[in-house]
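No experiment lies behind these values; they were computed from the predicted model shown. In listed order, ligands and their atoms are each counted from 1.
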Amino acid sequence: MQIKQNLLRQIPSVDEILKHKVIGNLLVKHPRRLVVSAIRKILDKQRKKVLKGEIYTLNQEEILTQIKTEVEQREKNHLKRVINATGVVVHTNLGRSLLAETVIEHLVEVARYYNNLEYDLDEGKRGSRYSHIEPLLCELTGAEAAMVVNNNAGAVFLTLNTLAYGKKVVISRGQLVEIGGSFRIPDVMAHSGAILVEVGTTNRTHLYDYENAIDEDTAILMKAHTSNYKIIGFTKEVPLEELVTLAHKHDLIAYEDLGSGNFVDFSKHGLEKEPTVQEVMAAGVDVVSFSGDKLLGGPQAGIILGKKKYIEQIKKNPLNRALRIDKFTLAALESTLKLYRDEEQAIKEIPTLRLIFVSQEILRQRAQRLRRYFKRHFKTEDLSVTIKPDISRVGGGALPTQELPTFVVGIKPARLSVSKLEERLRFTEPPLIGRIEEDMFLLDVRTIQDEDLKLIPTVIKNALAG
Ligand SMILES: *Cc1c(COP(=O)(O)O)cnc(C)c1O
């Protein structure tokens, strides 16, 4: 007890620390309030360590070093680039879709200059922010009208709140999706004020299940695309066209939450079939919603398409103001959508599509290049390097069963455990995120950008050095 009291008394005050030369140097380069806040944090840490009996002497030198490190750490951007070596293309934890170069240029322009966000240049008066993307969305999908909100969860919420507040929404039990991050269709529906009516069973739902559930309080027949799972075996889903016909027979709205939403037909490129937005619109659905940053490969956004009378109502909902998109989203979305006028161009320029469709040959070459770089930087006895075929995933809750053949480079250091390497790689500049399998650290070259390949051996070297 006595020792602790003594130690506590020895902990310097903030003012004493501030007089130190090391700190003086820090104050030249960094704002005073940052330095003071870092000092407080480190001193507090020392105090807690003393109280817990974790230290028996105070090391002034070490305290100063810790303060310096803390300041430098806090001056760095906390949100920063990482190298994605997971092979998951639309990785929700790593920022989902990368943007195309023309999109990035558009973003910079809008950031640097004033723009016509809500100014109608033709009329010289106030305009609508949706005017920049609505005609484009209609042109690309055949929809009558369109609008965009912050994300697809917001789109689902706003659609239900506008069109089914206090009314019933009929949906199949097999489609009550949870997409992670606690977004569950039943919960969103409850919060929107709509009343959920589940019909059918998990694996089978028939048209008569919907029909039997309809009464005077029903507003919507809803379909949620089961984007992140598949129910296989003895199953029955009502085709969209039949659901639409039934809805219209009863004067109801047919609404599909497509989840990912893609304009390109993946089955034409040798992948599994996902209904395209155009196909869903052609089936006569009244309202469709989907994400901007999943398979579409644009910015985070929730796109809502459909019949003009419904879209107008959704636009007018006061809650829309709380979910509205900003100028950056609009710019990025407009530029991304424009690329879809030419599918070949879209596949070439939109990173998400490019990474999904990249050829085996290119992946093989990329893996071999990475191995060459490793050989140049490391002796075989220090780091073993192997290439093997593996599987990448699309991610983002899209094409859940699609396997994308790829090549991974597996590395194993001689003098450090693979798990320790993985941990250290999270603290390199930039951090390198991969996965461990069979006591190897695997780098899937699909999601590694070409310019990053060269960087990787140095990053690994820094990690091994500690
Ligand atoms: C991803 C997804 C959403 C939510 O979209 P966000 O853009 O992440 O908000 C909603 N519904 C389905 C079916 C989804 O797959």
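Every residue meeting the side chain to side chain donor-acceptor pair (under 3.5 Å) condition with Asp265, not counting sequence neighbours, appears here in chain and number order: Ser267, Lys273.
With respect to Glu237 and Arg204, no salt bridge is recorded, no charged nitrogen being found less than 4.0 Å from a carboxylate O. Ion pairing between Arg354 and Glu101 fails under the 4.0 Å rule for side-chain N and carboxylate O.
If you look at Tyr255 and Tyr310, their ring centroids are not closer than 6.0 Å.
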Write out each pair where an N or O from ligand 1 and one from the protein are under 3.5 Å apart, with the distance.
| from | atom 1 | to | atom 2 | distance (Å) |
| --- | --- | --- | --- | --- |
| ligand 1 | 5 (O) | Ser291 | OG | 3.2 |
| ligand 1 | 7 (O) | Arg96 | NH1 | 3.4 |
| ligand 1 | 7 (O) | Asn152 | N | 3.2 |
| ligand 1 | 7 (O) | Ser291 | OG | 2.4 |
| ligand 1 | 8 (O) | Arg96 | NH1 | 3.2 |
| ligand 1 | 8 (O) | Arg96 | NH2 | 2.8 |
| ligand 1 | 9 (O) | Asn152 | N | 3.2 |
| ligand 1 | 9 (O) | Ala153 | N | 2.8 |
| ligand 1 | 11 (N) | Asp257 | OD2 | 2.7 |
| ligand 1 | 15 (O) | Ser227 | OG | 2.5 |
| ligand 1 | 15 (O) | Lys294 | NZ | 2.9 |

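In terms of modelled atom types and a separation under 3.5 Å, the side chain of His132 and the main chain of Asn116 share a donor-acceptor contact. With hydrogens and angles ignored, the 3.5 Å screen pairs a side-chain donor or acceptor of His91 with a backbone N or O of Asn93.
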